[in-house]
Amino acid sequence: MDIHEHQAKDILAAFGVPVPRGGLAFSPEQAAFRCRELGGGRCVVKAQIHSGGRGAAGGVKLCDGEAAVREFAAALLGTALVTKQTDSNGKRVDRLWIEEASQIARELYLGFVLDRKSERIMIVASGHGGMEIEDLAEEDPESLIRMVLDPAVGLAEYQARELAFRLGLEAGQIAQMVTVLNACYRAYRDLDATMVEINPLVICADGSLVALDAKMSFDTNALFRRTQVAALRDPGQEDPRESFAADHGLAYVGLDGDIGCIINGAGLAMASMDMIQLAGGSPANFLDIGGGASPERVCQAFRTVLSDRNVSVILVNIFAGINRCDWIAKGVIQAYREVGIDLPVVVRLSGTNVEAGRRIIAESGLPIISADTLAEAAEAAVAARPQPVSA
Ligand code: GDP
Ligand code: MN
């Protein structure tokens with residue numbers, strides 16, 4: 001789960017990372033008020049969206065005084081910001097962070113990520129901040145410093161100092177850097193984060209270190225024990241299809257194709273998506289309905305898949321172990337009744353109670369296309385798509 005920059009700054013500040021003073025605004029008037037609160041001078045107005053690359057997309061601006069802040073806020077609020085990291089729809093700007101401007105002398109990059117290879121937290125740092133990490137890795141890979149942390153020891157003081165030296169920091173900044181590194185590490189570990197990024201971490205004209213930007217992501221599977229983190233979720237920034245699914249406990253990932261998938265088990269869902277591709281089609285989503293799916297749950301799955309307007313055919317593929325094919329069949333029929341389906345539906349059932357399931361489908365009188373194997377189901381789904389009108 002991602003959170004906003006201002007939320008990440010709040011968290012990191014509580015752990016000891018210095019951040020500029022600032023305030024949140026949901027309207028141009030509030031933005032102007034925040035500027036006044038900060039002394040009425042030069043402020044940075046920053047769009048709060050779950051994406052980086054805002055600066056280059058026009059979502060971050062230095063403004064001189066209240067009037068300029070109000071004007072930029074009015075222009076930005078309510079728009080969708082398209083960045084290098086968003087899709088072409090962009091992300092809606094509903095809130096702004098108004099911050100006192102900093103005098104930047106040097107920009108550094110600092111990130112804490114999970115290195116899956118070593119199965120450890122890794123620090124990635126560079127003396128060339130400001131750029132996105134992907135661009136840095138491409139344009140200046142030599143500047144990237146990587147440091148893997150031993151979970152039994154945590155971040156050792158000597159590692160923190162070594163990193164500060166390698167970044168070329170001066171004597172007066174070493175201790176500040178050690179404080180920042182320790183704070184980020186503790187925030188990452190104590191809150192079950194998967195990523196902490198400060199880009200840029202700046203050295204100001206007066207020699208002080210300040211986090212000008214902050215980004216944190218969290219392990220969704222740990223949110224149950226991090227209720228204060230879970231409360232920071234902003235559904236307005238999520239794919240509406242995925243929020244709807246999450247609210248109903250379905251594992252769903254939206255994709256670009258037109259064949260909607262309702263499948264049990266992540267492995268079978270992946271295999272089905274591959275088979276669809278192989279048959280010449282393109283999946284609209286990944287959806288794992290899970291074990292023990294009641295007819296109601298199947299109905300919710302249909303609602304979720306149908307909320308995607310690109311979907312032109314639905315493929316239901318169930319290999320029932322814990323599940324029961326008769327329940328799935330009842331769910332499909334209930335979905336026809338309650339959700340109103342006017343698209344072709346291909347159903348492939350296998351496993352527990354498969355005979356009962358197939359009978360229920362056959363006797364329903366509904367225009368459901370039945371398939372026996374995964375390959376047949378994928379081919380039937382691709383064939384059932386409405387033919388494109390040729391010119
Ligand atoms: P991002 O583009 O989404 O990563 O947003 P950032 O918060 O990193 O802001 C983009 C850029 O704006 C930064 O890399 C800085 O160069 C610049 N910026 C942000 N805050 C300030 C500030 O207080 N003073 C100055 N001069 N530049 C700033
Ligand atoms: Mn940034």
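Counting starts at 1 for both ligands and their atoms, in listed order.
With rounding to the nearest 0.5 angstrom, the CD atom of Glu242 is 10.5 Å from the CG atom of Leu287. Going from atom OG1 of Thr79 over to atom CG of Leu81 covers 6.0 Å, rounded to the nearest 0.5 Å.
Atoms of ligand 1 lying under 4.0 Å from any heavy atom of Gly52, numbered from 1 in the order shown and given with element: 3 (O). Of all atoms in ligand 1, numbered sequentially from 1 with element shown, those under 4.0 Å from a heavy atom of Ala101 are 23 (O). Counting the atoms of ligand 1 from 1 in the order shown, those under 4.0 Å from a heavy atom of Arg54 are 1 (P), 2 (O), 3 (O), 5 (O), 6 (P), 7 (O). Taking a cut-off of under 4.0 Å to the non-hydrogen atoms of Lys46, the atoms of ligand 1 that pass are 6 (P), 7 (O).
Results of the side-chain contact (heavy atoms from CB on, under 4.5 Å) test with Val180 over Leu12, Leu209, Leu108, Val210 single out Leu209 as the only residue that passes.
Here the heavy atom of the protein found nearest to atom 25 (C) of ligand 1 is Ile104 CD1, 3.5 Å. With hydrogens left out, the protein atom closest to atom 23 (O) of ligand 1 is Ser102 N, 2.8 Å, a heavy atom. Protein heavy atom nearest atom 4 (O) of ligand 1, with residue, atom name and distance: Asp213 OD2, 3.0 Å. Looking only at heavy atoms of the protein, atom 12 (O) of ligand 1 is closest to Val60 CG1, 3.9 Å. For atom 10 (C) of ligand 1, the closest non-hydrogen atom on the protein side is Gly55 CA, 4.1 Å. When only non-hydrogen protein atoms are considered, atom 22 (C) of ligand 1 lies nearest to Val44 CG2, 3.4 Å.
No donor-acceptor distance shorter than 3.5 angstrom exists from the side chain of Ser126 to the backbone of Gly129, with no hydrogens or angles considered.
Contact between Leu349 and Arg358 at its shortest, heavy atoms only, is O-NH2, 3.2 Å. Taking both residues in full, the closest heavy atoms of Arg120 and Pro151 are given as NE-CD, 3.6 Å, listed atom of the first, atom of the second, then distance.
With distances taken over non-hydrogen atoms, the option nearest atom 21 (C) of ligand 1 out of Val45, Leu212, Asn199 is Leu212.
Taking the Mn ion (ligand 2) as reference, Asp213 places its N/O/S atom OD2 nearest.
Only side-chain heavy atoms of Leu62 come within less than 4.0 Å of ligand 1; its backbone N, CA, C and O stay farther off. Heavy atoms of Glu99 found under 4.0 angstrom from ligand 1: none, in either backbone or side chain.
Contact annotation: the side chain of Asp2 never approaches that of Lys215 to less than 4.5 Å [non-hydrogen atoms, C-beta and beyond]. Residues Asn199 and Leu110 fail the side-chain proximity criterion, which asks for heavy atoms closer than 4.5 Å.
Glu107 counts as a contact of ligand 1, since one of its heavy atoms falls under 4.0 Å from the ligand.
We find that Arg92 and Asp94 are joined by a salt bridge, their nearest charged nitrogen and carboxylate oxygen being less than 4.0 Å apart.
The Mn ion (ligand 2) has no N, O or S atom of Glu197 closer than 2.8 Å.
Judged by distance alone, the side chains of His248 and Arg303 never bring a donor and an acceptor atom under 3.5 Å apart.
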